[in-house]
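Below is one structure, written out as structure tokens, with a few remarks after it.
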Amino acid sequence: MVGDRPPFATYTASVAYSTPEEEWRDLMTGRHPGVAALRRSFRRLPSSPRCKLCYAPFHGIGGLLVRPWFGPWERNAQLCKNCMGSLMKRGVGGAEVELSLLFADIRGSTGLGERLRPAEFSALLSDFYRLAAAAIVNSDGVVDKFVGDEAIGLFLPAFAGPDHATKAIEAGRALLAAAAATSASSAGPIPVGAGVHTGIAYVGSIGSSEQISDFTALGDVVNTTARLASLAKAGELLVSVHAGDLSGPQGPSTERRTVDVRGREAGLDVYVLHPAG
């Protein structure tokens with residue numbers, strides 16, 4: 001280590017990109033040479049949890065060693081400050097990539113908010129966020145955001161690999177199972193419905209030209225997934241047939257429905273899945 005330089009190289013690509021979009025696409029699909037080199041190095045250091053992008057360890061002796069440069073980012077502890085610093089230097093940008101998304105909502109949250117005291121409802125939301133974050137992270141996704149009674153997970157090839165649809169479905173079913181447990185919250189089970197969809201979205205950083213305010217996904221696939229989650233009953237995971245087929249055969253006994261999605265002329269075929277057994 002020399003001066004304040006980190007013990008590992010940052011994003012130094014061995015290829016020249018003709019456009020920023022090309023580099024963003026490689027970052028989001030796991031093909032960026034600089035990130036691939038970091039992941040190979042960091043895999044040898046203990047221990048989890050790790051940065052979803054470069055695989056820098058946050059705990060153990062490895063986490064202690066690299067924390068000054070690769071510690072958790074203060075805005076999203078699933079990514080390290082080096083990765084986000086590198087992305088910020090690129091400015092606002094992104095690329096269109098295929099990914100899978102998981103949206104999950106608490107069913108009947110308005111009624112729950114009326115019946116519970118404010119502190120109790122806040123505790124219920126915190127328990128839901130905790131369960132959702134665990135399900136998403138344990139299936140190699142990244143938590144995009146929590147909005148009111150909703151949790152959003154992104155399953156990008158860079159994080160979840162080529163089986164991102166399978167990972168998103170696994171996370172959805174795991175969340176439903178955890179939420180249905182009597183120990184889910186101090187008030188008991190949490191009624192949750194969820195949706196999974198796969199498609200092309202614009203993924204990258206958003207904000208003003210001076211400051212990046214968020215890292216997220218935008219596009220029709222995002223809106224469609226949100227709509228699926230809103231249509232799911234408590235204990236149901238609505239999976240678009242496209243996402244379900246990408247993850248493998250669902251079995252002849254799996255229920256199918258056609259649902260109306262706002263903004264689409266034709267209905268969308270979905271599989272109806274339930275909590276993991």
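All of these numbers come straight from a predicted model, not from anything done at the bench.
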**Asked** Got a second to check how far R115's CZ is from T110's OG1, nearest 0.5 Å?
**Response** 10.5 Å
**Complete:** Separation between CG (L156) and CG (D140), nearest 0.5 Å, reads 11.5 Å
Is [X] linked to [Y] within one hydrophobic cluster, defined over Ile, Leu, Val, Met, Phe, Trp and Tyr using a side-chain heavy-atom separation of less than 4.5 Å?
{"X": "L228", "Y": "I169", "result": "no"}
{"X": "L175", "Y": "L231", "result": "no"}
{"X": "F128", "Y": "L116", "result": "yes"}
{"X": "V143", "Y": "V203", "result": "no"}
{"X": "V221", "Y": "L237", "result": "no"}

In the structure I gave you, are the side-chain heavy atoms of [X] and [Y] within less than 4.5 Å of one another anywhere?
{"X": "F103", "Y": "V222", "answer": "yes"}
{"X": "L238", "Y": "H197", "answer": "no"}
{"X": "E21", "Y": "E96", "answer": "no"}
{"X": "L246", "Y": "S100", "answer": "no"}
{"X": "Y55", "Y": "L38", "answer": "no"}
{"X": "H274", "Y": "L176", "answer": "no"}
{"X": "H59", "Y": "P49", "answer": "yes"}

**Asked** For V137, does its backbone N or O pair with a side-chain atom of K52 as donor and acceptor, under 3.5 Å?
**Response** yes
**Prompt:** Which of parallel (below 30°), tilted (30 to 60°) and perpendicular (above 60°) describes Y17 and H32?
**Reply:** parallel
**Request:** Using the six-membered ring wherever Trp is involved, compare the ring planes of Y129 and F146 and label them parallel, tilted or perpendicular (cut-offs 30° and 60°).
**Result:** parallel
**D149-S109 side chain donor-acceptor pair, cut-off 3.5 Å** = yes
**Asked** Does a side chain donor of either K145 or T216 reach within less than 3.5 Å of an acceptor in the other side chain?
**Response** yes
Minimal non-hydrogen separation, [X] against [Y], with atom names:
{"X": "R107", "Y": "S230", "answer": "NH2-CA, 3.9 Å"}
{"X": "A194", "Y": "L102", "answer": "CB-CD1, 4.0 Å"}
{"X": "C80", "Y": "C54", "answer": "SG-SG, 3.7 Å"}
{"X": "G188", "Y": "A184", "answer": "O-CB, 3.8 Å"}
{"X": "V142", "Y": "Q78", "answer": "CA-OE1, 3.3 Å"}
{"X": "T254", "Y": "Y271", "answer": "CG2-CD2, 3.8 Å"}

